[in-house]
> 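Take this structure, written in structure tokens, and hold onto it; I'll ask about it next.
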There are 2 protein chains.
Amino acid sequence: MESRCENCIIRQFNSLRALSKDELKKVADSKTSKKIKKGEALFIEGQKLDGVFCVRDGVSKLSKLSSNGKEQIVKLTNKGEIMGQRSVIAEDFTNLSATAISDMEVCFIPKEVISNTLNTNPYFSLEVLRHLAHDLKEADDVIVNMSQKTVKQRLAEAFVYLKKNYGEDENGFLLLTLSRDDYANIVGAATESLIRMISEFKKKGFIKTEGKKIGIVEEEMLQELADGF
Amino acid sequence: MESRCENCIIRQFNSLRALSKDELKKVADSKTSKKIKKGEALFIEGQKLDGVFCVRDGVSKLSKLSSNGKEQIVKLTNKGEIMGQRSVIAEDFTNLSATAISDMEVCFIPKEVISNTLNTNPYFSLEVLRHLAHDLKEADDVIVNMSQKTVKQRLAEAFVYLKKNYGEDENGFLLLTLSRDDYANIVGAATESLIRMISEFKKKGFIKTEGKKIGIVEEEMLQELADGF
DNA sequence: TGTAGTAACTGACAATTATCATGTTTTAAA
DNA sequence: TTTAAAACATGATAATTGTCAGTTACTACA
């Protein structure tokens, strides 16, 4: 409750920007802030959510268990994103689990506020619609990548994506540090296969490593690889 | 223009059911009916759509070209579904191509009618939101299947899905007849691999074939296979 | 500061899937 | 009805990826 939504820059990046002052005030009054430690879960597949999460800081992974017991990461969230809207809108259990990949700061907004606003503010509905439409398009792209590209291509693509979306530090290492396991669960491969590929990329000079940290050295080469050349 | 939307049962299955009588009338007045022959395209990836399609009869595939030039089928549409809403909502190019798999009958509804209604009727917005939410959930499932299951499992699942969703004729053959190529593009495999697997399933007695037609013989076995047993 | 536990890594091998080559059947058009 | 094209099918082989078994390195914590 430390800050008013009206002053929160984050909301410019999500559908909450369509809210009126009054509506924003309602959100601010009903929301609660939470700090979530790296590794902790925000919610778990199959749970009923009674609100959505607005990400103020940090990164989380949205994943789903396969029937073979393996985790598949479907999406990484960005700062400013709203999580759990799909489930709240459809009045459905979550189909995904959300786990913090770095320390996070999120606001929890009760579902009543969201659904009331959906019923009364068509601009908000439209913003949410656009957001879902965007997610859907991205999901289609992931489907195509998963089914038509090799693990090597998908990994190359993942590296480029992580650099573009989460940036790198002064030494050229990706700011977002993932475990080898997480990488495997993003590209949908066995952890051992993935580790081997990281070694290969390193040997070829495409990337550099330092412990868990990975740095992109040859972004163009990786991009070309991802595109199949 | 042969029939009034008010009398069209199909609309009960999609978001148009949230429309008022007046709104329905507007839709009916502006819509045009089209017949599309099997194999013809409704729209193509990258096109700008100036309306949505409401499927009255027939089945189409929504697909996307991969950078390697292969087609990936992302979704099959059902009777009553609305196609192209994602693109119209996001005011974006279509990210998918739609091609008729059987002869189709569709209504085309201009985007102005859709967006006007979205701005004024929150129930309609909510229905569309629910529909997109559903599509998104399904897309997540496809991602997990594509990345965690073997081709064999995905094919088994596809057969079960086709039977459940499109039914079979009096002789136990799937009503929806797909080419081997289409099957390959659904499960994301090389056509030859897929044909081999069909032969294998047939040899094991899980399915039967008669030309292009495929019949599900052992649904439970296929389901178990799909689930990884 | 030792020690248990987890994550990272490597090798050997097996399973899955793609590719190429080629033959057969079906379909559609002249 | 013939004939060319497309779809279906199968074999041989190569490439990709997974599995199992083990080693090393890092991390946390008693």
Side-chain angles (χ1 to χ4, degrees), chain A residues 37-39 61 66-72 99 101 145-158 173-174 177-203 207-215 225-226 228, chain B residues 37-40 61 66-72 99 101-103 145-158 173-174 177-204 207-215 225-226 228:
Chain A
K37 287 242 175 65
K38 178 175 175 171
K61 59 180 177 184
S66 165
S67 54
N68 65 14
K70 276 198 186 162
E71 183 191 20
Q72 175 64 37
T99 314
I101 279 184
N145 281 341
M146 283 297 174
S147 41
Q148 302 286 0
K149 290 190 174 177
T150 64
V151 172
K152 198 176 292 186
Q153 289 179 297
R154 299 193 312 253
L155 180 60
E157 188 160 60
F173 288 100
L174 291 174
T177 303
L178 299 173
S179 70
R180 303 296 193 250
D181 233 10
D182 281 336
Y183 274 111
N185 295 338
I186 287 173
V187 302
T191 308
E192 298 96 319
S193 301
L194 183 117
I195 289 176
R196 253 181 267 275
M197 235 154 256
I198 286 185
S199 306
E200 191 191 324
F201 281 6
K202 195 179 166 181
K203 203 170 287 171
I207 61 172
K208 59 183 176 181
T209 67
E210 195 182 293
K212 288 169 100 84
K213 288 194 293 180
I214 290 180
L225 216 176
Chain B
K37 286 243 175 64
K38 178 175 175 171
E40 286 179 2
K61 58 180 176 185
S66 164
S67 54
N68 65 15
K70 275 198 188 165
E71 181 191 21
Q72 174 64 37
T99 314
I101 280 184
S102 62
D103 288 349
N145 281 340
M146 283 298 175
S147 41
Q148 303 285 2
K149 290 190 174 177
T150 64
V151 173
K152 197 176 293 187
Q153 287 178 298
R154 299 194 311 255
L155 180 60
E157 189 160 59
F173 288 100
L174 291 174
T177 303
L178 299 174
S179 69
R180 303 295 193 250
D181 232 11
D182 281 336
Y183 274 110
N185 296 337
I186 288 173
V187 301
T191 308
E192 297 97 319
S193 301
L194 184 117
I195 289 175
R196 252 182 269 275
M197 234 154 258
I198 287 185
S199 305
E200 192 191 324
F201 281 5
K202 194 177 164 182
K203 203 169 290 171
K204 289 192 178 158
I207 62 172
K208 59 183 176 181
T209 68
E210 195 182 294
K212 289 169 100 84
K213 288 193 293 179
I214 290 180
L225 217 175

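Everything numeric here is computed off the predicted structure, so don't read it as measured data.
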> Take Lys212(A) and Ser147(B), find for each the nucleotide of DNA chain D with the closest heavy atom, and name the residue whose nucleotide sits nearer the 5' end.
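Upstream on the strand: Ser147(B).
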> Rounded to the Å, how far apart are Ile195(A) CD1 and dC26(D) C1'?
14 Å
> If you check the Ala190(A) side chain, which of dT16(D), dG18(D), dT10(D) turns out closest?
dG18(D)
> Hey, does Thr150(A) reach any base, or is it just sugar-phosphate, or nothing, if we go heavy atoms under 4.0 Å?
sugar-phosphate
> Would you mind reading off the distance between Lys38(A) atom NZ and dA28(D) atom C1', rounded to a whole angstrom?
14 Å
> In this structure, how many angstroms lie between the P atom of dA21(D) and the CD atom of Glu192(A), rounded?
12 Å
> Would you say Asn68(A) and Ser66(A) are linked by a side-chain donor-acceptor pair, where the criterion is simply a distance under 3.5 Å?
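Side chains of Ser66(A) and Asn68(A): pair found under 3.5 Å.
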> Start with the C-alpha gap between Phe201(A) and Ile214(A), add the side-chain angles, then the distance that decides, and say whether side chain to side chain contact (heavy atoms under 4.5 Å, CB included) holds.
CA-CA 11 Å; Phe201(A) 281 6; Ile214(A) 290 180; over 6 Å; no
> Can a side chain N or O of Ser199(B) be found less than 4.0 Å away from OP1 or OP2 on dT10(D)?
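Ser199(B) to dT10(D) OP1/OP2: side-chain N or O found under 4.0 Å.
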> Specify the separation, in whole Å, of atom CD1 of Ile207(B) and atom C1' of dC8(D).
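Between C1' of dC8(D) and CD1 of Ile207(B): 14 Å.
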> Separation of Leu194(B) atom CG from dT10(D) atom C1', in whole Å?
14 Å
> CD of Gln148(B) versus P of dT17(D): gap in Å, rounded?
14 Å
> Tell me whether the side-chain N/O atoms of Ser179(B) come closer than 4.0 Å to OP1 or OP2 in dA7(D).
no
> Would you compute the distance between atom CD1 of Ile101(A) and atom CG of Asp182(A) and round it to the nearest 0.5 angstrom?
5.0 Å
> To the nearest Å, how far apart are Glu200(A) CD and dT17(D) P?
10 Å
> Tell me: CG of Leu155(A) to P of dG18(D), nearest whole Å?
12 Å
> Would you mind reporting whether Ser67(A) and Lys149(B) have side-chain heavy atoms less than 4.5 Å apart?
yes
> Do the charged groups of Glu200(B) and Lys204(B) touch, with an N to O distance under 4.0 Å?
yes
> Can you check whether Lys38(B) reaches Asp103(B) side chain to side chain, under 4.5 Å on heavy atoms?
yes
> Would you say the side-chain atoms of Gln148(A) pair up with the backbone N or O of Gly188(B), donor to acceptor, closer than 3.5 Å?
no
> Assign each of Lys202(B) and Ala189(A) to its nearest nucleotide of DNA chain D by heavy atoms, then name whichever residue's nucleotide is nearer the 5' end.
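Result of the comparison: Lys202(B).
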> Going 5' to 3' along DNA chain C, which are the first and last nucleotides with any atom under 4.0 Å from a heavy atom of chain A?
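Boundary nucleotides touching chain A, in 5' to 3' order, are dA7(C) to dA12(C).
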> Kindly point out which of dC8(D), dG18(D), dT10(D) is positioned nearest to the side chain of Arg196(B)?
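The answer is dT10(D), which lies nearest to the side chain.
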